[in-house]
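Below is one structure, written out as structure tokens; the observations come after it.
We count ligands from 1, going down the list as the structure has it; atoms in each ligand are counted the same way.
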Amino acid sequence: MIKKWIVAFDQGTTSSRALAFDMEGHVVAKRQIETELDYPHFGRVEQSPEFIWQQQLAVFELLLRDLQAQPHDIAAIGISNQRETTVIWDKKTGQAIYPAISWQDTRTQADCQKIRNSQDASWICDKTGLLPDAYFSASKVKWILDNVEGAREQAQRGELAFGTIDSWLVWNMSGQKTHITDITNASRTMLYDIHRQVWDSDLLAYFDIPAEILPQVVDCSGELAIFEYQNSQIPICGIAGDQQAALFGQTCFHPGMAKNTYGTGCFLLMNTGKKIIRSHNQLLSTVAWRINGDIQYALEGSVFVAGSAVQWMRDALHFIDNAAESEALAQNAEESELVIVPAFSGLGAPYWQGRAKGAVFGMDFSTGQAEFCRAVLQSLAFQTADLIDAMCSDTGEPFVKLNVDGGACANGYLMQYQADILNCPVDVPLEHELTATGAAYLAGLHLKWWDMQTLAQKREIAHLYQPQITPIERQKALEKWQRAVKCTLAWADDRA
Ligand SMILES: Nc1ncnc2c1ncn2[C@@H]1O[C@H](COP(=O)(O)OP(=O)(O)O)[C@@H](O)[C@H]1O
Ligand SMILES: O=P(O)(O)OC[C@H](O)CO
């Protein structure tokens, strides 16, 4: 029987998606449902793990219907997922003991700040490639164990399991039997030594986390688990955190190749091959992928708020009915001085200021929705420019072109402004769904549907945006942004 499709599960912060890929690596069908985020308290961001799983299953079922397929038509599943988001569940009941704590949640920031200011920051960074911050899973796991009644004792008795969203999905897909995570997701927990490729006992002791709750760490490609669906057994052959999956989907297979994904946040990753680069500019070192035991690393700049600021204009401010409308609205803006620093979850790389909050500068009576919208879109481009600056300074190499993907790369205004501000071309691919593509590629590698050489030829360009503004205009805009960031950071320092 010919198995026709690979299905990628792309469980992002904003939506749960299932996409079917044919043997050429093309998307043939797609289903997507928007997720729900809860903001129960200042600085807290949570999601229902059960809802995430049910939603992921629902999009899969809708996809099968669209394809008029039976489960046995699916050759394999690939999974890409929002990273760091932390779930702890009871292995006996299969129920989460607390909502998923989102990567965007800053409740543990004060504790993380203390670690950052201490001598421990250095060895933690050496082992993990990460900077102590509420963003990563370790402090979220600790918070749940410290705050949910009986959790620590249960964990010590081996009754609980911890996982990021990949882990949680596989647990449920496997009929609550398989507790694994892939190495890219493990590398985002701040509990994993990326040099030795093991959970690290010093880190576990430091964060007071019992080893019993940890998943087994696996490669990104291979027969990793089985999805027991109805009477079929579908192999899960690819798993990677969404940003690493996008790097793979962009076919950035060689050192020096990079991409920027504009989703809920913005994530710039550069392949660094076998080298773990210790950044001098507060970028992260992380695992890009491991295939057949062969590891590649990446340098990463993480911006916490990007497309989510566009969603905020839709849901909280009601300036737009959908994200796509932001493009036309921004194009209508009058000349203005407005700058928005969307530090709603603190500021990520290269500033790492968890206490920062969003700020608006330069309003006057002429400021309206269009000016506001344009400033929000520009903030995505400015934050990316900061990352690229930091990365170029670490590598000593200029960026000659920026490869992009993710939801907001459909925005022509933003992409043009990005090219203008960077003074380098921005390359938008034909397929925007490169996160899911990466997960499918990883699964298909194992099935021998393709190899990395053939994949490298698959990326097609839809549009190349060329810079159009003058050096003086660029310099003025960047200075305005840098002044705004400086004030935002000063305000955060005053809150200490
Ligand atoms: N045309 C657009 N212009 C600006 N932002 C957009 C556009 N389309 C989608 N977005 C934003 O992109 C995000 C969704 O991108 P996606 O890559 O699906 O994110 P995620 O993987 O984080 O769920 C949303 O936050 C949305 O506001
Ligand atoms: O949901 P996304 O695609 O914006 O990705 C979230 C990141 O994985 C967080 O590290």
Residue [X] vicinity, atoms of ligand 1 by number, heavy atom under 4.0 Å:
X	answer
N411	3 (N), 4 (C)
G406	17 (O)
S326	3 (N), 4 (C)
A324	1 (N)
S15	23 (O)

Open item on the list: One pair to check against side chain to side chain donor-acceptor pair (under 3.5 Å): R355 and Q109. What are the steps and the verdict?
Closed with: CA-CA 8 Å; R355 283 192 308 272; Q109 194 53 43; over 6 Å; no
TODO: Could you pull out, from T35, D242, T164, D10, the option with a heavy atom nearest to atom 6 (C) of ligand 2?
DONE: D242
Task: Nearest heavy atoms of C409 and Y262, plus distance in Å - done: N-CB, 4.2 Å
For [X], is at least one N or O under 3.5 Å away from an N or O on ligand 1?
X	answer
G407	yes
A410	no
Q32	no

Open item on the list: I need the contact type for S308 against ligand 1. Using non-hydrogen atoms and a strict under-4.0 Å cut-off, is it side chain, backbone, both or neither?
Closed with: backbone
Open item on the list: Below 4.0 Å, non-hydrogen atoms only: which portion of E327 touches ligand 1? Side chain, backbone, both or neither.
Closed with: neither
Task: Proximity flag G241 to ligand 2, non-hydrogen atoms under 4.0 Å - done: no
Open item on the list: With a 6.0 Å cut-off on the ring centroids, do Y417 and W481 count as close?
Closed with: no
